[in-house]
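To keep things clear, I will list the structure first and then write my remarks on it.
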Amino acid sequence: MTVGEMAERVNLSHRTVRYYDDEGLLPARRSPGNYRLYGQDALAKMLTIRRLKPLGFTLDEMREVLALLDAVAAPGAADDAGRAERLEQLVALEADVRQRRDKLVEQLAGADDLLASLRPLLP
DNA sequence: ATTCTGACA
DNA sequence: TGTCAGGA
């Protein structure tokens, strides 16, 4: 699929998709006419990125997450130390995501409180 | 019609 | 991140 299709399917602007390519976060293949092309794997990664983004992950952090994820998914080349490393990083990632999730829950609670305080002021 | 790169009231 | 320009 081309940028436009990708952008539409993951609900990001084509500008953002282009940006991720430029920054090397999610490189696109190129067509003979130099159009960006994306496959199924790219779509899956883009969806992962879209979930990471609202959690406040930086581009570099997303890069690490994607690398970790396909290292884990990869068909296998890795010694014992390597596998152990992956596992540690995976556990650390889970903790990180959970922490960000909790933060969002707090913000949600804050929004609810604000709404509650506005209620009595409304007509 | 769609995408490409580069630039920025 | 949006948008415009100038090409392909």
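Just so it is clear: chains get the letters A, B, ... in the order the sequence lines come, proteins before strands, and each one is counted from 1.
Partners of A:D112 under the side chain to side chain donor-acceptor pair (under 3.5 Å) rule, at least two apart in sequence or in another chain, do not exist in this structure. With sequence neighbours left out, the side chain to side chain donor-acceptor pair (under 3.5 Å) criterion links A:T58 to A:E61. With sequence neighbours left out, A:T16 forms a side chain to side chain donor-acceptor pair (under 3.5 Å) with A:S13.
Interatomic distance, OG1 of A:T48 versus CE of A:M46, reported as 10.5 Å (0.5 Å rounding).
Side-chain N or O atoms of A:R50 include none that pairs as donor or acceptor with a backbone N or O of A:L12 at under 3.5 Å.
What you find for A:Y20 and A:K53 is that their closest heavy atoms are OH-CD, 3.1 Å. Of all the heavy atoms in A:L66 and A:L25, the pair that sits closest is CD1-O, 3.8 Å. For A:L26 against A:Y38, the heavy-atom pair with the smallest separation is O-CE2, 4.1 Å.
Counting only heavy atoms from C-beta outward, the side chains of A:E64 and A:F57 never approach each other to under 4.5 Å. By the 4.5 Å heavy-atom criterion applied to side chains, A:V91 and A:E88 are not counted as neighbours.
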Quiz: residues 4-11 of chain A side-chain donor-acceptor pairs under 3.5 angstrom, not counting sequence neighbours:
none

Please set out all donor-acceptor pairs under 3.5 angstrom arising from side-chain atoms of residues 115-123 of chain A, sequence neighbours excluded.
unit_1	atom_1	unit_2	atom_2	d
A:S117	OG	A:L114	O	2.7

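Applying the salt bridge (charged side-chain N to carboxylate O under 4.0 Å, His left out) test to residues at least two apart or on different chains, the pairs with a partner in residues 65-85 of chain A are A:K45-A:D70. Annotation: salt bridge (charged side-chain N to carboxylate O under 4.0 Å, His left out) contacts involving residues 12-28 of chain A, sequence neighbours excluded, comprise A:R18-A:D22, A:D21-A:R30, A:D21-A:R36, A:D22-A:R36.
Taking 4.0 Å as the cutoff to heavy atoms of chain A, we find the contact window on DNA chain B bounded by B:dT2 to B:dA7. If you walk DNA chain C from 5' to 3' and mark each nucleotide with an atom closer than 4.0 Å to a heavy atom of chain A, the marks span C:dT1 to C:dA8.
Contacts with DNA chain C (heavy atom under 4.0 Å) in residues 5-21 of chain A: A:S13, A:R15, A:T16, listed by number. Sorted by residue number, the members of residues 26-52 of chain A with any non-hydrogen atom under 4.0 Å from DNA chain C read A:Y35.
Around CD of A:Q99, the count of heavy atoms belonging to other residues, nucleotides or ligands within 6.0 Å does not exceed 12.
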remark   = Note, DNA chain C 5' to 3' with Watson-Crick or G-U pairs under 3.5 Å encoded as ( ), [ ], | and . gives .|||||.|
